[in-house]
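Please read the structure below before turning to the comments.
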Amino acid sequence: MSELPSARGAEVGRRIGVGLMYGLWKPRVLGAWRVPATGPAILAVNHSHNIDGPMVMGVAPRPTHFLIKKEAFVGPLDPFLLGIGQVKVDRDTTDRTAITRALGVLAGGGVLGIFPEGTRGEGDFAALRAGLAYFAVRGGAPIVPVAVLGSSDRPGRLIKGLPPLRSRVDVVFGDPFEAGDGSGRRTRKALDEATERIQKQLTAHLENARRLTGRPGDTE
């Protein structure tokens with residue numbers, strides 16, 4: 001079973017995200033116009049909090065299919081996440097089904113969301129997995145760096161695992177860029193070089209986003 005994630009489901013997910021994120025917090029969105037209006041694109045998002053994915057889904061100008069670890073697909077969340085077009089991925093193996101579905105999203109001109117650090121951490125793009133480079137080069141898609149700032153500032157009083165309700169969360173979209181060197185090569189060396197280029201671009205975007213929003217030490 002490797003049918004493609006539902007584009008209509010992702011649009012439903014985006015509308016749910018809009019209602020939830022703007023209802024619970026105060027997102028400030030900068031640079032959303034930089035996301036290509038049509039064609040394949042990859043949103044590369046820093047990841048320091050559980051709400052980062054839903055926040056980007058809710059504020060992005062286009063429906064987004066996120067690669068999400070399989071551990072999140074528990075109980076009723078499993079059919080819900082699949083229903084809104086998200087992609088379940090097993091991080092402990094080469095998940096060919098997830099790869100096929102993710103490439104299918106890009107081949108269909110859709111938007112793929114990726115946490116390139118692979119797991120929730122400092123959210124500073126310090127440790128990148130090679131998956132982002134692979135999808136960008138193989139899928140021929142530009143990468144749009146996305147910095148979510150303020151989601152991990154301090155825990156809320158009502159729900160400790162979430163930012164304080166009605167607090168401001170900044171989402172800054174950067175300029176799209178190509179990960180490859182233009183040759184179309186997908187060798188290990190080419191992907192390693194692409195990963196280095198990506199890391200420099202994402203780190204620079206995060207530093208710029210911190211200056212822009214006045215959050216210089218947001219994830220420290």
Side-chain angles (χ1 to χ4, degrees), residues 3-70 72-89 98 100-116 120 123 131-132 135-136 139 141-152 162-163 165-176 205 209 213:
E3 67 269 15
L4 293 181
S6 165
R8 183 178 296 177
E11 172 59 26
V12 170
R14 189 179 78 86
R15 292 178 185 179
I16 293 172
V18 167
L20 279 177
M21 296 303 113
Y22 283 93
L24 296 174
W25 294 284
K26 294 180 180 177
R28 180 172 64 166
V29 184
L30 303 173
W33 55 269
R34 292 188 170 101
V35 178
T38 59
I42 296 174
L43 303 185
V45 186
N46 68 320
H47 197 20
S48 59
H49 200 284
N50 283 329
I51 72 158
D52 296 340
M55 181 63 70
V56 173
M57 278 183 68
V59 305
R62 294 174 61 188
T64 306
H65 304 266
F66 266 96
L67 281 173
I68 301 175
K69 62 183 180 180
K70 68 174 186 179
F73 290 74
V74 293
L77 274 179
D78 183 52
F80 172 72
L81 290 172
L82 294 174
I84 60 170
Q86 305 310 293
V87 183
K88 183 192 299 188
V89 61
T100 299
R101 288 175 174 164
L103 290 174
V105 166
L106 297 176
V111 178
L112 189 66
I114 295 181
F115 299 112
R120 185 157 53 94
L132 175 54
F135 287 119
I143 295 172
V144 179
V146 185
V148 181
L149 303 172
S151 62
S152 59
L162 296 176
L165 298 180
R166 307 307 299 154
S167 63
R168 199 184 83 209
V169 178
D170 293 320
V171 184
V172 186
F173 293 85
D175 290 317
H205 171 66
T213 59

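The first residue of the sequence shown is numbered 1, and numbering continues consecutively from there.
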Where do Leu43 and Val35 land on the side-chain contact (heavy atoms from CB on, under 4.5 Å) test, with the steps shown first? CA-CA 8 Å; Leu43 303 185; Val35 178; 4.2 Å; yes
Taking C-beta and beyond as the side chain, do [X] and [Y] meet within less than 4.5 Å on heavy atoms?
X: Pro61; Y: Trp33; value: no
X: Val18; Y: Arg15; value: no
X: Phe66; Y: Phe115; value: yes
X: Thr213; Y: Arg28; value: yes
X: Gln86; Y: Met57; value: yes
X: Val172; Y: His205; value: yes
X: Pro163; Y: Ile51; value: yes

What pair of heavy atoms forms the shortest contact from [X] to [Y], and how long is it?
X: Ala44; Y: Ile143; result: CB-CG2, 3.8 Å
X: Phe73; Y: Ile68; result: CE1-O, 3.6 Å
X: Leu4; Y: Gly104; result: CD2-CA, 3.5 Å
X: Ala72; Y: Leu81; result: O-CD1, 4.0 Å
X: Ser6; Y: Gly9; result: OG-N, 2.7 Å
X: Phe135; Y: Ala102; result: CE2-CB, 3.5 Å

So if I apply the side chain to side chain contact (heavy atoms under 4.5 Å, CB included) rule between Ile42 and each of Leu132, Val111, Val144, Thr64, which one comes out positive?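 Filter result, single survivor: Leu132.
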Can you check side-chain contact (heavy atoms from CB on, under 4.5 Å) on Asp78 and Lys88, steps first, answer last? CA-CA 9 Å; Asp78 183 52; Lys88 183 192 299 188; 3.1 Å; yes
Sidechain N-carboxylate O distance under 4.0 Å for Glu11, Arg8: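 No salt bridge links Glu11 with Arg8.
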For Val89 and Arg101, run side-chain contact (heavy atoms from CB on, under 4.5 Å): C-alpha distance rounded to whole Å, both residues' side-chain angles, the deciding distance at 0.1 Å, then the answer. CA-CA 10 Å; Val89 61; Arg101 288 175 174 164; over 6 Å; no
Rounded distance (nearest 0.5 Å) linking atom NE2 of His49 with atom CG of Leu149: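 The CG atom of Leu149 is 13.5 Å from NE2 of His49, to the nearest 0.5 Å.
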Roughly how far, to the nearest 0.5 Å, is CG of Asn46 from CG of Asp52? 6.0 Å
Counting only N and O atoms by type, is there a donor-acceptor contact under 3.5 Å from the side chain of Arg34 to the main-chain atoms of Phe173? yes
Can you tell me if Arg166 uses its side chain to pair, donor with acceptor, with the backbone of Gly23 under 3.5 Å? yes
